[in-house]
Amino acid sequence: MSSRAFRQRVSAAIADLPVIQAVHEATVRKVEQRRDAMAELRNSEELRSLAAQIKQHTLDHLADHLRQFVAAVEAAGGVVHFAPSPADARAVICDIAARERCRLAVKGKSMTSEEIHLNDALAAIGIRTVETDLGEFIVQLDHDAPSHIVTPIIHKNRRQIAASMRRELGCEYTEDPTELTKIARRYLRDVFRRCDLGITGVNFGIAESGTLCICTNEGNGRMTTTRPRVHVALMGIEKLIPRLADLPVFLKLLARSSTGQPLTVYTTMITGPRRGSDRDGPQQLHVVLLDAERSALLGGPYAEVLRCIRCGACLNACPVYRNIGGHAYASVYPGPIGSLVTPLLHGRGAHSDLPRASSLCGACEAACPVRINIPELLIRLRNDTGEANSWSKRLGMRVWRWLMLSQNRYAWAQRMMRIAPAKRDGDGWTIAGRGPLAAWTGSRDLPPAPPKSFRDLWREGLRDE
Amino acid sequence: MNSGAHSTEFAALLDRLSRRAPLAPTPLPDETAAIIRQVDECADAPREFEVSARRAGVEVVRLSSDELCGVLVDLAKSMLASSAWISPNALSLLEAGRQDLANSLATAGCTLGTMPEDHARFAADLGVTLVRAAIVETGSLLVEAGAGEERGTSLIPAVHAAIVPASRIVPDLVDAFDLIASRPLASALTLITGPSKTADIEGVLVTGVHGPGRVIALIVLDA
């Protein structure tokens, strides 16, 4: 992705006012809900530190925990696969599906499966995959992409959704969210009756017991791990935590950070496939461990991004995300954490602009339940991956420095600012500078110089007041 | 392709990770329960659970064990249920025998299944389970798959009635996990906190997406 492509997408996103307004309202609401939910905890700051420490510990000893996890999953009757790359993960899952003669797959909400573009690969071998999270289901109907890792259709309004459902499902037109949900429920019930393959992500893998923890509100994670005869769980190698007793730490933070709930409606803990005494549940459990560049980050300066539990709090808190929405990032993981993870996992060159899509205000770090120092890592990544600054920017910075180092030159520059020709918007902010200034104001607002400077006011008597 | 966890690729990954381990790795904190715990103990656990369960959107009925059968029949009647799916575990707690309950439900026009075949699972309007634990902190119900309890009973019917013996109410999530760890893990354990819900469409709350739209906790005070 070139700088230019990124800027064009951002400009297009900002221009789409209804979407930006919807994203803005939804994110502001979530920030408030998160704040209230965290305030219910006696010691939210201590809990965040504990969560960060447990995750960092797991990453620092990942080989040991992976070994233990694999042994525990196998002891419970599951099969563990390892996929070094997204292509390997697709091949492993397609292989399982073909061998078990599966025809209809249901998917619980999983960002990792988005990361490996699984649905197309399954379709290519004749397996239909149906997304069962309501938001992802609507995304799939529209051949769209999710724009938020927790609320995938944050960018759609009910009229668009109603039109899509009518077009794709042939149902009556209704804009009522309750009715729309009922229609989707009825449609997906039939799919759940007939499906033979279930694909889920994993929120937390417990190393000591081989347990997979899956959190959902709608029940898609439960249906997907109850109905089909084969369950495939896809997880990044960083998703582990050491002990069952560590899980409550993360459960108490995940839903609060994400949607302001104390817990998601369903917290499902799966240990192996169905047992002899069970009357339902999958007969086979396959766990696919995905590396996809994660191991390359361990032991390096960016390792702590792997602490991320994908709660989405940093997206909601970010003033840039709120104003450009998720699609402008053109990446599975948008927002502040996406601006780190995308270049780090999917190639720095192609996504070198993303770390610059931040004002470094620190709201993301303040919201992060595992205390990832996102602003500092963004700066580091800018320095590591940015192209060399252009000659005009270097010259601009030199001039700026020269002006700032002398009082007279600074005062002269202020006078020039007042008479410089510039296009102003309704609030009087400069929205398009001319000449060399245009490069700067292309993506930034510049406040107009006031009629009188502070020095002028001081000389005219402010000193005596 | 050899993709297993015993492949050379996986061995190479573990080897690479071990070599890259930091010189001063972060220790695993011990004795974390005190930090995690939010609710210490409850003077009146059923009452406090009722408050938090209601907050989570769960309906609550307090009753004694001899009232259980009548309450279930009344519930089936009030929701015009044509088919109830009652887990063997839940049935074992009813004082009335299976036949008595089946007869009473039949007068309300409702058939009783305890281990239904697949088509009947989707036809059931009401699912009744016995919980392993209930949690005051969050108003959650812990259900466990295994002998006498299916994954689907608390998931597929539109209404889930969970029998909560008062003695199984614990203060904090930490206590529930102590319970879970106290015996071999079931293949599926689920914490249920309220009715199935979504806010995917314009942030509007809708209940009953894939799971039950109504969850009713029947707190049995003398059990």
Side-chain angles (χ1 to χ4, degrees), chain A residues 26 29 41-42 46 50 53 56-57 60-63 66-67 70 80-82 84 91-92 134-135 151 153 157-158 161 177-178 180-181 185 193 209 211 217-220 222-223 226 242 244-245 248-249 262-263 265-272 274-275 277-281 291 295 298-299, chain B residues 1 3-5 7 9-10 13-18 20-22 25-29 32-33 35-36 38 56 115 118 122 137-138 140 145-147 150-152 155 173-174 177 180-181 185-204 206 208-211:
Chain A
R29 189 170 57 234
L41 293 169
R42 288 174 180 175
E46 234 182 319
L50 184 59
Q53 192 187 345
Q56 192 60 49
H57 160 88
D60 289 354
H61 302 78
L62 194 57
L66 277 170
R67 250 181 232 113
V70 169
V80 184
H81 307 261
F82 173 59
V92 166
L134 179 62
T151 37
I153 49 168
N157 63 38
R158 63 180 78 189
I161 295 164
T178 305
L180 289 168
T181 305
R185 173 186 163 101
R193 289 175 84 136
S209 63
T211 303
N217 274 322
E218 300 174 0
N220 55 76
R222 288 187 76 193
M223 278 290 197
T226 296
L244 203 55
V249 182
L263 285 178
V265 173
Y266 302 117
T267 304
T268 307
M269 291 162 275
I270 303 282
T271 309
R274 163 205 297 217
R275 312 264 169 84
S277 55
D278 295 1
R279 287 197 72 243
D280 60 359
D291 182 356
S295 63
L298 287 167
Chain B
M1 184 178 92
S3 68
S7 62
E9 277 115 336
F10 193 60
L13 171 83
L14 294 180
D15 184 50
R16 201 161 66 240
L17 292 177
S18 302
R20 252 195 239 141
T26 311
L28 182 60
T32 54
I35 301 173
I36 312 170
Q38 302 295 318
M115 297 167 86
D118 208 47
F122 277 90
E137 180 194 6
T138 52
S140 307
E150 288 182 44
R151 302 183 192 205
L155 174 66
L173 209 51
V174 173
F177 276 85
I180 290 171
L185 287 168
S187 64
L189 282 148
T190 302
L191 286 163
I192 300 173
T193 312
S196 157
K197 67 179 180 187
T198 187
D200 274 348
I201 303 175
E202 291 189 8
V204 179
V206 179
V209 188
H210 299 307

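Since this is a predicted model, take the numbers as computed values, not measurements. In what follows, every heavy atom counts, from backbone to side chain, and hydrogens, waters and symmetry copies are set aside. Here is the naming used below: chain letters follow the sequence lines, and residue numbers restart at 1 for every chain.
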Measuring from atom CG of B/Leu17 to atom CZ of A/Arg67, what distance do you get when rounded to the nearest 0.5 angstrom? 9.0 Å
Is B/Arg20 reaching over with its side chain to a backbone N or O of A/Ser295, donor-acceptor style, under 3.5 angstrom? yes
Given that the side chain runs from C-beta out, which part of B/Val206 has a heavy atom under 4.5 Å from chain A: side chain, backbone, both or neither? side chain
Given A/Ile153, A/Ile161, A/Thr181, the one that forms side chain to side chain contact (heavy atoms under 4.5 Å, CB included) with B/Asp200: A/Ile153
With chain B, which of A/Asp278, A/Leu298, A/Asp280 has the greatest number of heavy-atom pairs at distances under 4.5 Å? A/Asp280
What pairs with A/Ser209 under side chain to side chain donor-acceptor pair (under 3.5 Å), at least two apart in sequence or on another chain? A/Thr211
Note: B/Thr138 and A/Pro262 closest approach over all heavy atoms is CG2-CB, 4.3 Å
Verdict with reasoning, A/Met269 to B/Ile180, per side chain to side chain contact (heavy atoms under 4.5 Å, CB included): CA-CA 11 Å; A/Met269 291 162 275; B/Ile180 290 171; 4.3 Å; yes
Side chain / backbone / both / neither for B/Leu189 at chain A, heavy atoms under 4.5 Å: both
Set out, in order, the CA-CA distance, both residues' side-chain angles and the distance that settles side chain to side chain contact (heavy atoms under 4.5 Å, CB included) for A/Val80 and B/Phe10, then state yes or no. CA-CA 11 Å; A/Val80 184; B/Phe10 193 60; 5.9 Å; no
So for B/Ala56, is it side chain, backbone, both, or neither that comes closer than 4.5 Å to the heavy atoms of chain A? neither
Among B/Ser140, B/Gly152, B/Ala145, single out the residue with the greatest number of heavy-atom pairs under 4.5 Å to chain A. B/Gly152
Pairs of heavy atoms under 4.5 Å with chain A: top-ranked of B/Ala33, B/Ala21, B/Ala199, B/Pro27: B/Pro27
Contact origin within B/Ser18 toward chain A - heavy atom pairs under 4.5 Å: both
A/His61 vs B/Pro25 side-chain heavy atoms within contact, under 4.5 Å: yes
Of A/Gly281, A/Ala245, A/Ala26, the largest count of non-hydrogen pairs under 4.5 angstrom with chain B goes to A/Gly281
Which one of B/Ile35, B/Thr198, B/Leu28 has the most heavy-atom pairs closer than 4.5 Å to chain A? B/Leu28
Region of B/Arg16 in contact with chain A, defined by heavy-atom distances below 4.5 Å: side chain
Please round to the nearest 0.5 Å and tell me the distance separating atom CG of A/Asn217 and atom NE2 of B/His210. 11.5 Å
Are any of the side-chain heavy atoms of A/Pro84 and B/Leu13 separated by less than 4.5 Å? no
State which residues pass salt bridge (charged side-chain N to carboxylate O under 4.0 Å, His left out) with B/Glu150; sequence neighbours excluded, sorted by chain then number. A/Arg279, B/Arg121
Any chance you could measure A/Tyr266, atom OH, to B/Leu191, atom CG, to the nearest 0.5 Å? 12.0 Å
Between B/Ile36, B/Val174, B/Asp15, which shows the greatest number of heavy-atom pairs under 4.5 Å with chain A? B/Ile36
Please look at A/Val249 and chain B and tell me whether the side chain, the backbone, both or neither of the residue comes under 4.5 angstrom of a heavy atom of that chain. both
Can you tell me which portion of B/Asp118 sits under 4.5 Å from chain A's heavy atoms? Options are side chain, backbone, both or neither. side chain
Can you measure from CZ (A/Arg275) to CG (B/Leu185) and round to the nearest 0.5 angstrom? 7.5 Å
Kindly compute the distance separating CD (A/Gln53) from OG1 (B/Thr26), expressed to the nearest 0.5 Å. 7.0 Å
To the nearest 0.5 Å, tell me how far A/Glu218 CD sits from B/Lys197 NZ. 11.5 Å
